[in-house]
Amino acid sequence: MTGEAAARAAEVWKIYGHGEAQVHALRGVSADFQRGQFTAIMGPSGSGKSTLMHCLAGLDDVSAGEVFIGDTRVTGLGDAGLTKLRREKVGFIFQQFNLLPTLTAQENILLPLAISGRKPDQQWYDLVIKTVGLGDRLGHRPTELSGGQQQRVACARALVARPEVIFADEPTGNLDSRSGTEVLGFLRGSVHEFGQTIVMVTHDPRAASYADRVVFLADGAIVDEILQPTETSVLDRMKNLDNEARAAAPGNAAAQNTAGQNAAAGGNAVEETPDA
Amino acid sequence: MLKAMLRGLLAHKLRLLLSALAIVLGTMFMSAAFVAGDTVAQGFTSLFSTVNSNLDVQVTGVSATGQDNPDVITALVPQSVADQVAKVDGVQESTAQVISDGARVIDKNGKVVPGTAPRFGAGWTGTSSLLQMREGNPPSGPDQIAISANLAQDTGYTVGDKVDVITLQPRKTFQLVGIFGYAGGRDSLAGETTVAFTMPVAQELMLGKPGNYTSVDVKAAAGVSQEELKQRVQTAVGPQYKVQTADEAAKSQASGVDAFVNVLKTGLTVFAVIGLITGAFLIFNTFSMLVAQRTRELALYRSFGASRGQVTRSVLTESVLLGLASAIVGLIIGIGVGWLLKKGLEALSHTNLPVSGVVVKPYVVVLTLLVGILFTVVAALVPSLRASRVPPIAAMREASTPDKPLRTLTVLGLVTLLVGVAFLVLKLTKVWKDPLWLVLGGGCLLVFAGVVMLAPALSRPVTRGLGALFGGSVPARLGTRNTGRNPRRTAVTAAALMIGVTLATAAGVFASSVKAGVTDLFKNDMKAQLIVQTSDFTGTTGFDPALQAKMRAIPGVTNAVAVRTDQVKLGGKSTGIGSADALAAAEIFTLTAKDGTIRPLQAGEIILDENAAKSLNASVGTELPLITTRGGEKAEKVVAIIENSQTWSGPMLNTTDAAGFTSPYAQQGYVQVGPDGDVGAVKDQLNQLFADNPEVNVVDQEQLIKQSTSFLDVILAILYVLLGLTIVVAVLGVINTLLLSVYERTREIGMIRAIGMNRASTAWMITVESILISFFGALLGVVVGTALGVAIVKIFGGDFLKLTIPWAYLIITLVLAVIAGVVAAILPAIRAGRLNVLQAIAYE
Ligand SMILES: Nc1ncnc2c1ncn2[C@@H]1O[C@H](COP(=O)(O)OP(=O)(O)OP(=O)(O)O)[C@@H](O)[C@H]1O
Ligand SMILES: [Mg+2]
């Protein structure tokens, strides 16, 4: 099964801070992300979704446990190793688009290849451009593009290097629903048509319903998952999670740590088992 | 509100530090100049009052030739006058002195003891509270001398040694019988060396006039004031003698020092101001950035009800505080540097100034702080006004700084540039000549300002073009694009560098043109291949003019001339004059008669050049009264007027009447070697001819050219060191701008790191940006500096200027700019490379 996984987390712990201010953002998370699968990670605010994604992508180091991308062990890589990994195996899509304002759309898309000194595969490039539907906008600067168009450029940028896995942190967070739908459709298309692996963090049940699988995080641990989700099944599951959390809340000391974020999300996420 | 804003200011510590450093450097230079100057001035004033502590009134002669240098005998006090002074009522004691420059001691190695300080020869008048015997006895016979302790130390001579001294007369051997020093353990008063002879010997050797003195020092009897005694003595000796009180004497002796101190002060202040102007660009940038970054914060204050005035004032207050703090630090360091300068000067001149520590006058403190604050506030004015224009609504929306169009600025810059060029062209075509400072200075300034205003518009295309040189790699491309991103900021940063480079380049063009011009003159108009010259330029050293015949007799030599120079009064005007064999001089210096004929001059005959003829209103046949130091007054008849020449300027006197010159020696000899003569062999012969004269040496034309232009190298070297200051400030500006860029683009840098750019490439990206900014600034400076240099050379014209552009030097400047760019990039590049990718992306 390891051979099939594009990304894998094994017993990953992530602890921020020391002493009083210590936060357990991840508590022994183990998860496989299959090749050619579109996985959504969901959970209440502060549950550790972004942290998990950052650890998987090698942007952050883990406190304990191991992370693999393909057959590369990410844990323990130095800056050079991580740079190589990012060039060859990982793609990113950010909530804020993060395009370079000095470059045109086309230059932005080709940037990862230019950085690693690779030549774009013309056919693949044409296919990606066709799919994102930016044909007549390629010569424009990011400031001359709408938010949705910018995010599609960002998607194309992630795809064009054919990475092992693409990580997307709330890619539709800054988009209206129509643009969001376009981007999600495009992401799903790239998984189903080109066999791309995508891991996406989202708050939005509708966005999650585009995925093949939804993993639910609560207070740093995976608490559930749904295959072939629909908008309603995801919503239901989230409500349940909230209720469970609320029920478990009183008297739980660990909950105090994340009280701020939890309160903000209007819910409460508490681990099922106390600290080992 | 102010408090809250100040906290905002402190959040940008590093950037403030860099701006502060610029002001610190400028104010430091300024205060150091003033402190060192004042200290040296005070030191010498008290030194000369010590020198004059033994007298109340001093009587000296009035120079007949208009020369006012007390070191050279021009006006003497005869014995009869000295006796008169002694008899004046109220004189307790009067001492007639002989002290004159030009007693050259031959060191143990056979060479004249080198040095730039005066080498006094004096008549012994006994010890005093000021002068004390250290060893041995005073000179009591005609072949005995005593020397000052510093001279003993320099040469290693001890009592009992035989010592050779050259004076007005050739080298003579004396017996060293004593060594003396001065009150307070000083070996010398101000670095001068002194040889004391018995009085008659001093009169003979130093003045060439037995029975004469250089001054009479008078001590007043009890109850007679200096002023009163001065009046009485003046009445007794008459108006042809100068009578001064001790204070007046000290002041006139210190006048040379004052001039030096003023040069030091002005020079360093000019550079301090240039440094501060450069710093102002940096501060302008810093405050613009701070304001831009704090748009939201400022808008928030505005939405809370802060008025525009309040916002402007708060930003200005920040600048006042920054200026004040920097100026205080600059002042403190400046005082330290002033102390070092004083120590350096003391070491250079072998003196110990009678001042402990340094003199810090209140005006220096006030001025330094004021200037520091002024420059900072003026530089922050525009940004603070911009801050007040931030609308409250900006608090609500994404901070956006729309690029204002550059058109107005560019048009304005173009107009300014053209007006500046017009000024220079008008001056060049002599349509508009005066005042020089306005036509030339104003023209240069306008050209410079115009280019500064054009810089933003130029920055994008130029840096794009230059960026292509870095190749098409991703970091190079991104770095290039980033440079063009904020044209104003890039331009202001580059302009700071441009100031120093423009000045240095213009100076370089001018200097190399002078060099080329002088070289050409020598090569074309001076036909002597070998030149005999004295080792110093005091005018008292040299060789017997009769040796001209011997130089001519050397096989291979076709012509030779010995030239004597002095200062005289001709036709009622004080002027420099030369004397030489007219025919030989005309041949060797390529002189042509405009009027009359150049022929061997008899006693009572003189030749003038056009300039001298014009200023004396003389023509061929005119008789002019000539007063020489030793010869009294004689009439000289003009026999020819020669065309103005760069190889010979001023009047040429017949050799007979030159006997009245101060020095009996010729100062230069010019030797022309025939086409089949061997220059090397002639040089050897000449060296042999002067073998027993340690004060002259023989150089060839190349060496002479080098010597004549070496002062330019010294001036340029000093200029470059000082301009280095402005360049350091400018580099601080580049660092500042880059740090801001890295800060502003944290997210972007995080992103490109996230998609696979490694640290080295990220650092290279920043470095490319840095090099481009520096190079752009240096390029503007080199272009504008060369243009202005060419304009100045063309405007001044003249034979001694031959337009030459120092290409190698320009290329070095540009290479240095690249290096400066790399250096400036170090810190920002490390920052960019170290950015935590995750934090960079999460960064809001
Ligand atoms: N750099 C950090 N230092 C300390 N604590 C951190 C840090 N980053 C995250 N945390 C904590 O770790 C926990 C998980 O944070 P994370 O950002 O992964 O949550 P999230 O699920 O992405 O939330 P959201 O939906 O709001 O984005 C939170 O309690 C957060 O406060
Ligand atoms: Mg998150």
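Just so you know, these numbers use all the heavy atoms, side chains as well, and skip hydrogens, waters and symmetry mates. By convention in this document, chain letters (A, B, ...) are assigned in the order of the sequence lines, proteins followed by strands, and residues within each chain are numbered from 1.
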Exercise for the section: Measure the acute angle between the ring planes of A/His24 and A/Trp13, then classify it against the limits of 30° and 60° as parallel, tilted or perpendicular. Expected result: perpendicular

Whatever's closer than 4.5 Å to a heavy atom in chain A on B/Arg753 counts as both

Bottom line for B/Leu478: the part with an atom under 4.5 Å from chain A's heavy atoms is side chain

Where on [X] is there a heavy atom nearer than 4.5 Å to chain B: the side chain, the backbone, both, or neither?
X	answer
A/Leu85	neither
A/Asn98	both
A/Gln95	neither

| task | Go through the steps to decide whether B/Glu748 and B/Arg485 satisfy the test salt bridge (charged side-chain N to carboxylate O under 4.0 Å, His left out), and finish with yes or no. | result | CA-CA 14 Å; B/Glu748 254 176 72; B/Arg485 227 158 132 169; 2.7 Å; yes

Given A/Ser50, A/Pro101, A/Ala57, the one with more heavy-atom pairs under 4.5 angstrom with chain B than any other is A/Pro101

Note: vs chain B, highest number of non-hydrogen pairs under 4.5 angstrom among A/Leu103, A/Leu82, A/Val90 is A/Leu103

Original post:
Going by heavy atoms in the side chains, are A/Thr197 and A/Glu164 under 4.5 Å from each other?
Top reply: no

Practice problem: Please step through side chain to side chain contact (heavy atoms under 4.5 Å, CB included) for the pair B/Ser761 and B/Val474, ending with a clear verdict. | Solution: CA-CA 8 Å; B/Ser761 299; B/Val474 178; over 6 Å; no

Would you say the side-chain atoms of A/Lys119 pair up with the backbone N or O of A/Leu113, donor to acceptor, closer than 3.5 Å?
no

